[in-house]
2 protein chains.
Amino acid sequence: MSDEQIRNMEQFASVSGISRPTVSKYFNDPSSVRKSTRDRIEEALEEHDFRPNVYAMNQNRRLTKTIGIVVPYLADPFFGEIARVIERRCIEAGFTPHLFSSHGEVALENEILDGLRSLKPAGVLLAPLGRLSDKSAIETFCKYVPTVLFDSNIEGMGEAFVGSDNHSFVSQTVEYLSRTGEPPCFFEMRNPANPNANKRRHAYLTMMERLSLEPNVIKIDGEGWAFEEIGRQGGLKLLAEKSLPTDTVLCSNDRLAIGLLSACYEAGVRVGRSAGCDLRVASHDDHPYARFTCPPLTTAAHDYNAVSDQSFETLYRLIESGGRFDGRTESLYPARLIMRESA
Amino acid sequence: MSDEQIRNMEQFASVSGISRPTVSKYFNDPSSVRKSTRDRIEEALEEHDFRPNVYAMNQNRRLTKTIGIVVPYLADPFFGEIARVIERRCIEAGFTPHLFSSHGEVALENEILDGLRSLKPAGVLLAPLGRLSDKSAIETFCKYVPTVLFDSNIEGMGEAFVGSDNHSFVSQTVEYLSRTGEPPCFFEMRNPANPNANKRRHAYLTMMERLSLEPNVIKIDGEGWAFEEIGRQGGLKLLAEKSLPTDTVLCSNDRLAIGLLSACYEAGVRVGRSAGCDLRVASHDDHPYARFTCPPLTTAAHDYNAVSDQSFETLYRLIESGGRFDGRTESLYPARLIMRESA
DNA sequence: ACAGGAATTTTACGCGCGTAAACTTTTTAT
DNA sequence: ATAAAAAGTTTACGCGCGTAAAATTCCTGT
C-alpha cells in the first residue's frame, strides 16, 4: 500500500490511469465497465485503498444504494435474527443496510421514518409496531419511499407484505393438541399490539369450530412489550384462581408462553405431555429460547429464512420496478410444527 | 402546511425571511442563533416542513453529528437493551446513532469498521467481539475515529473503556454461595470469546483462595455465540457422567446458565436453594430472561443504565476534547446481587 | 442617545461526486 | 477489412450545503 493518501476520486482516477467518470461508473456498478478497466481499477485499489465519499456519492444521485430496515423491538431475539439475515442479503446485493428499532414506541417509530426519508433510501423493509403504529404517518412515508412491510401487516400499507401464515401456525397446533389430548384454550393478551395476534385468535376460533369443539379464549391484562412478564403474571393469577378451563393451553406467542411456563414452575404445576403432568402448554413462533424453557416448548416455527429472503427479494423487485407495484401482494409462509416436551 | 415544496435551504431561507447561512447555523445548533430568529425559523418550519439534505450537510463538514454503535451480537437481548439506552442518549444530545451488529463474525466486524470510517462519525461506541476480534484492524480504526470501547475490553484499544467490574460480580456470587451452602465450582466455556470470561475466572480463583476454599473450574466444549446450547450440551454431559464436584455451580454468564438449567430439567435434577433440591445454580449478567428460567436465576446484575450512560458520556467528552484523551481511562461498574430461587 | 459587541446578512468559494453530451478509441460483427 | 456498436475520455455543469470574510444591522448597557 502506497504512503501517499488519495483524497478524492480525481486523484484516484489519475493514479489508476482511468478517467474519473469511468471510475465513478465502476463504483456504481463494477460490472458496467470492461473487464480490462475493472482489473486496472482494482489493481490501483489494492495499492491505495481509496473509498469514495459516501456523502458526496449520495447527495446528487437519483437513487441511493441504501436500504432501511425497521423492526419494532430489537431486544426481542426474533427480530435480532430476522435483521441479521436481511442485513446479509442487502450487503450481498450491493446495498447498505441501516437498521433501526422502534423499541416499542410510536414516537420513536415516527422519528425513525422521518429520519429515513431524509436518508433517501432505495427502499425500506418495515416491520411496524402494529396496532399502536401511527397509520397516517406510515401511509405518508410509503408515499415517498418504496416500502415492503414484513412480519406484521397493516392493511393497504406499503407495496407488499411478507409474513407468516397465521392460520397455518394455529391450525397445526390446534389440530395436534386436540388430537393428542384435551382441546386447547387460547391464551393471549387482552389488547395485543401485534396484528398477528388477532389473526391467530381468529384462526383458533375457526379451527375449533371446524373440529366441533368448544373454543375458550383467555385474555390477560397488560400493556407494552414485556410479554414474558405479562404472561407470567397472567399465569400466576389463573393458576391461583384455578380458573383454567382445560389442561391444555395454547399461547398466542412464545414470549407469553415463556412467562406462563415460569408461572407454572413457581406454582408447582407440572407441564408436559408425559404421564403425571398437570398441564400442556404450546405456542407459536419458535422463539430462539423456546428450546431452553422447562420443559422445552412445543411450538409452530416461522420459516425465518424464507420470510427474510422473500422480504428482501420483494423489495429488490420493487426497487427495480421503480418503486411501485401494480397491485399490493401478500406472501405468507406456512409454519412447521416443532414438538418438544411441553405438549 | 403549505403545498409548494421547498427543495433546498436556499428556498427555505427565503420563505422564512432569514439568510441561508443563518439557517445553516440554526440547523447545526439551534441555540447558536438569537431567540427571535429561532422562532421565525421554527415558525416557517411548521409551515413547510423542510429538512436539510443529510448528504450535502455532512459532505463538507469538519465533523458529522453521527455516532456509530457496534455490538457483537444483536440477537442477544443484553445488547439489544444496551443499544436501546445508548441510542436514546445520542438522540437527546443531538446526534444521529447508527447501530451495527457484528453477528459474531470477525469479517463482519471488520466490514462494519471499514464502512464506519467512510461515514466519518464524530465518535464510535464499540463493543468488540473480544478474543476473535482483529486487533490490528481495531487499532487502525481507533487511529482514525474517536472510539470508546464498552462491555468487553481490549487492552490499550480506544481512548477509554466502560464496562462492568467482573471482580465485583464474581466476589458477590462466590461469597453468597459459599456462605449459604457448599462452595461453588465454576462453569465456563473452554475458549471463551469474551474477555470478561477470563476476568471472571480469575476473580473466582482469587475469591476461593481468599476464602481458603478449593477452587474447581469446569470447562465445557463449544465454539461460537450459541451459549445456551453450549451450556445445555455441557450440562447434559456432566450430569450423565455425574462428574459435578459440588452441588453448587456458578456459571460464567447467564446464557450458559439458561442452557444448564434446561439440561438439569431434562435430566430430572431439581435446582434450587430450598430443601429437597439437588443443585444450586447461579450466574452473572441478569439477562432479561433470567427471571423467567425455571427456577428463576440467582445472578449478579449489570448496572445497564450506568454503563450505557457512562459510555455515552465518555464518548461525548472525547468528542468535545477533539478526539483524544491524555490517558486511557477505564470505568468499571459494580454488580448487584439478585437472589432468586435457583441458588 | 451612543458606543461596543454580538448577531446577522452578503458575498463568494469549494467539497466530492453524479451526470450529460460530444468526441475518440476499442471491440465486435459482417 | 470495414462498418457498426460498445466502451472510454473530455469537458462541463450542478447538487445542497459548510464556511470564511467583510459589511451591516441589531441588541445591550450606560
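Computed from a prediction, not measured in an experiment: that's the story for all the values here.
Among residue pairs with one or both ends in residues 11-44 of chain B, those qualifying as ring-ring contact (aromatic ring centres under 6.0 Å, His included) are B:Phe12-B:Phe50, B:Phe27-B:Phe50; sequence neighbours excluded.
Relative ring orientation between B:Trp225 and B:Tyr73 is described as parallel, the plane-to-plane angle staying below 30° on a 0-90° scale split at 30° and 60°.
Residues of residues 113-120 of chain B that place a heavy atom closer than 4.0 Å to DNA chain C do not occur.
A side-chain N or O of A:Glu330 and one of A:Asn153 form a donor-acceptor pair less than 3.5 Å apart. B:Asn28 and B:Arg61 are linked by a side-chain donor-acceptor pair at a separation below 3.5 angstrom, with hydrogens and angles left out of the test. A side-chain N or O of A:His103 and one of B:Glu87 form a donor-acceptor pair less than 3.5 Å apart.
Of all nucleotides in DNA chain D having an atom under 4.0 Å from a heavy atom of chain A, the first and last in 5' to 3' order are D:dA7 to D:dG16.
Cation-pi geometry between B:Arg89 and B:Phe312 is not met: the NZ or CZ atom fails to fall both under 6.0 Å from the ring centre and inside 45° of the normal.
Backbone-only contact: A:Phe50 has heavy atoms under 4.0 Å from sugar-phosphate atoms and none from a base.
Residues that satisfy the ring-ring contact (aromatic ring centres under 6.0 Å, His included) test with A:Phe141, not counting sequence neighbours, are absent from this structure. Residues forming a side chain to side chain contact (heavy atoms under 4.5 Å, CB included) with A:Arg88 (at least two apart in sequence, or on another chain): A:Glu92, B:Glu105, B:Leu108.
The heavy-atom pair separating B:Phe95 from B:Ala122 by the smallest distance is CE2-CB, 4.1 Å.
In this structure, A:Phe78 has its ring center closer than 6.0 angstrom to the ring center of A:Tyr304.
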Atom pairs, protein N/O to nucleotides 7-9 of chain C N/O, distance under 3.5 Å:
{"unit_1": "C:dA7", "atom_1": "O3'", "unit_2": "B:Arg34", "atom_2": "NE", "d": "3.4"}
{"unit_1": "C:dT8", "atom_1": "OP1", "unit_2": "B:Arg34", "atom_2": "N", "d": "2.7"}
{"unit_1": "C:dT8", "atom_1": "OP1", "unit_2": "B:Thr37", "atom_2": "OG1", "d": "2.3"}
{"unit_1": "C:dT8", "atom_1": "OP2", "unit_2": "B:Arg34", "atom_2": "N", "d": "3.4"}
{"unit_1": "C:dT9", "atom_1": "OP2", "unit_2": "B:Ser19", "atom_2": "N", "d": "3.2"}
{"unit_1": "C:dT9", "atom_1": "OP2", "unit_2": "B:Ser19", "atom_2": "OG", "d": "2.9"}
{"unit_1": "C:dT9", "atom_1": "OP2", "unit_2": "B:Thr22", "atom_2": "OG1", "d": "2.6"}

